[in-house]
J.: 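A single structure is presented below for examination.
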Amino acid sequence: MNAFEVLGLAPDATQAQVHQAYRAKVKKCHPDQFEDREMQLRAQEKLVELNLAYEQAMRAASQRPLSFTALPADQAIAIARKLMEQGHPESALGQMARAEQKTEEWYFFQGQLLMQLKQYASAHQAFRAAVKLSPDNNEYRSWALDAAVAVKKHQKLHYKVADWAQGLFKKNH
């Protein structure tokens with residue numbers, strides 16, 4: 001029997017499911033529950049089997065790539081917006097990747113996140129995609145222009161040095 005079978009789980013079980021199944025099985029067969037010496041020994045053998053299965057299943061579950069559920073664009077944006085407000089723009093950008101489809105609002109908000117992360121060229125591309133999907137939206141156009149200006153501005157040497165120094169300061173604090 002493989003580890004997942006011992007625990008009564010499907011081979012694609014998550015670490016949380018492995019842990020939960022392990023705890024439930026241990027409660028049923030813990031040697032302290034039995035007074036009879038023979039039953040205690042069998043329970044001890046079962047406990048050893050469960051411990052080995054648990055370690056093997058946890059290792060297997062941790063090596064699988066993490067999957068996440070796709071969300072409608074508006075929900076992905078809402079989650080990302082909360083993360084951005086909490087000061088976690090990198091995590092917010094990760095949540096944006098969960099969107100099932102990319103709408104003009106999605107590209108616009110991605111551009112705002114990228115501007116905050118000072119990834120001006122990528123932000124400019126995102127704003128341009130938003131403008132392409134909604135050509136009459138002047139707010140999108142304005143942000144695209146701001147991103148284009150930021151790209152040009154930060155291509156100058158003294159801005160590159162300032163950005164580098166600021167990045168170094170953040171790493172040390």
Side-chain angles (χ1 to χ4, degrees), residues 2-4 7 9-23 53-173:
N2 78 26
F4 291 99
L7 295 168
L9 295 170
D12 63 346
T14 65
Q15 285 184 312
Q17 291 169 325
V18 169
H19 184 72
Q20 185 178 17
Y22 167 77
R23 288 184 51 90
Y54 175 74
E55 289 176 21
Q56 190 178 30
M58 287 297 274
R59 193 170 29 256
S62 72
Q63 292 173 351
R64 263 188 247 118
L66 294 176
S67 61
F68 54 84
T69 307
L71 297 173
D74 60 335
Q75 287 181 13
I77 293 168
I79 293 169
R81 192 175 304 280
K82 286 181 185 176
L83 286 166
M84 187 171 110
E85 289 167 0
Q86 295 170 354
H88 304 289
E90 293 89 0
S91 297
L93 205 53
Q95 286 298 316
M96 293 291 287
R98 293 179 64 187
E100 292 171 335
Q101 61 185 16
K102 298 175 181 175
T103 63
E104 63 267 14
E105 292 92 4
W106 185 92
Y107 283 111
F108 177 66
F109 189 67
Q110 182 190 42
Q112 289 177 315
L113 282 170
L114 291 166
M115 287 291 282
Q116 187 174 359
L117 293 168
K118 297 184 180 182
Q119 296 179 17
Y120 303 117
S122 296
H124 183 245
Q125 289 175 344
F127 290 130
R128 287 187 55 188
V131 168
K132 190 174 185 178
L133 292 171
S134 185
D136 295 331
N137 189 316
N138 288 331
E139 183 179 18
Y140 296 173
R141 289 180 174 280
S142 175
W143 277 84
L145 179 61
D146 289 347
V149 168
V151 167
K152 292 234 185 245
K153 179 178 169 183
H154 284 84
Q155 286 176 343
K156 295 180 181 175
L157 182 60
H158 66 278
Y159 283 106
K160 287 182 180 181
V161 171
D163 288 344
W164 172 80
Q166 186 178 19
L168 228 119
F169 180 73
K170 283 184 180 179
K171 286 181 185 177
N172 292 330
H173 292 298

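Below, each value reflects all heavy atoms present in this structure, side chains not excepted, and no hydrogens, waters or symmetry copies.
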J.: Ignoring hydrogens and angles, write down the donor-acceptor pairs under 3.5 Å from the side chains of residues 138-149, residues two or more places apart or on other chains.
T.:
unit_1	atom_1	unit_2	atom_2	d
Arg141	NE	Pro135	O	2.8
Arg141	NH2	Pro135	O	3.0

J.: Using the side-chain hydrogen bond (donor to acceptor under 3.5 Å, both in side chains) rule, collect all pairs that involve residues 105-115, keeping only residues at least two apart or in two chains.
T.: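 Non-adjacent pairs meeting side-chain hydrogen bond (donor to acceptor under 3.5 Å, both in side chains): Thr103-Glu105.
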J.: Who are the side-chain hydrogen bond (donor to acceptor under 3.5 Å, both in side chains) partners of Gln17, not counting sequence neighbours?
T.: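 Per chain and number, Gln17 pairs via side-chain hydrogen bond (donor to acceptor under 3.5 Å, both in side chains) with Thr14.
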J.: Is there a side-chain contact between Tyr120 and Lys153 in this structure, where contact means two heavy atoms from C-beta onward sitting under 4.5 Å apart?
T.: no
J.: Rounded to the nearest 0.5 Å, how far does CG of Leu113 lie from CD of Gln119?
T.: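 So the gap between those two atoms works out to 10.0 Å.
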J.: Tell me the closest heavy-atom pair linking Ala3 and Ala53, and the distance in Å.
T.: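 Of all heavy-atom pairs spanning Ala3 and Ala53, the closest is CB-O, 3.3 Å.
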J.: Can you give the donor-acceptor pairs under 3.5 Å from side chains of residues 80-96 to other protein atoms, not counting sequence neighbours?
T.:
unit_1	atom_1	unit_2	atom_2	d
Gln95	OE1	Arg98	NH1	3.0

J.: Listed by chain and number, what are the side chain to side chain contact (heavy atoms under 4.5 Å, CB included) partners of Glu100, not counting sequence neighbours?
T.: Ala70, Pro72
J.: Determine the minimum heavy-atom distance between Ala13 and Ala61, stating which atoms define it.
T.: O-CB, 3.7 Å
J.: Could you tell me whether Gln75 atom CD has more than 12 heavy atoms of other residues or ligands within 6.0 Å of it?
T.: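 More than 12 within 6.0 Å, yes.
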J.: Roughly how far, to the nearest 0.5 Å, is OH of Tyr54 from CZ of Arg23?
T.: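 With rounding to 0.5 Å, CZ (Arg23) is 9.0 Å from OH (Tyr54).
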J.: For residues Phe4 and Val18, determine if any side-chain heavy atom of one lies less than 4.5 Å from a side-chain heavy atom of the other.
T.: yes
J.: Let me see the working for Met115 and Phe127 under side chain to side chain contact (heavy atoms under 4.5 Å, CB included), right down to the final yes or no.
T.: CA-CA 10 Å; Met115 287 291 282; Phe127 290 130; 3.6 Å; yes
J.: Can you see which heavy atom on Leu7 is nearest to which on Ala57, and at what distance?
T.: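 Of all heavy-atom pairs spanning Leu7 and Ala57, the closest is CD1-CB, 3.9 Å.
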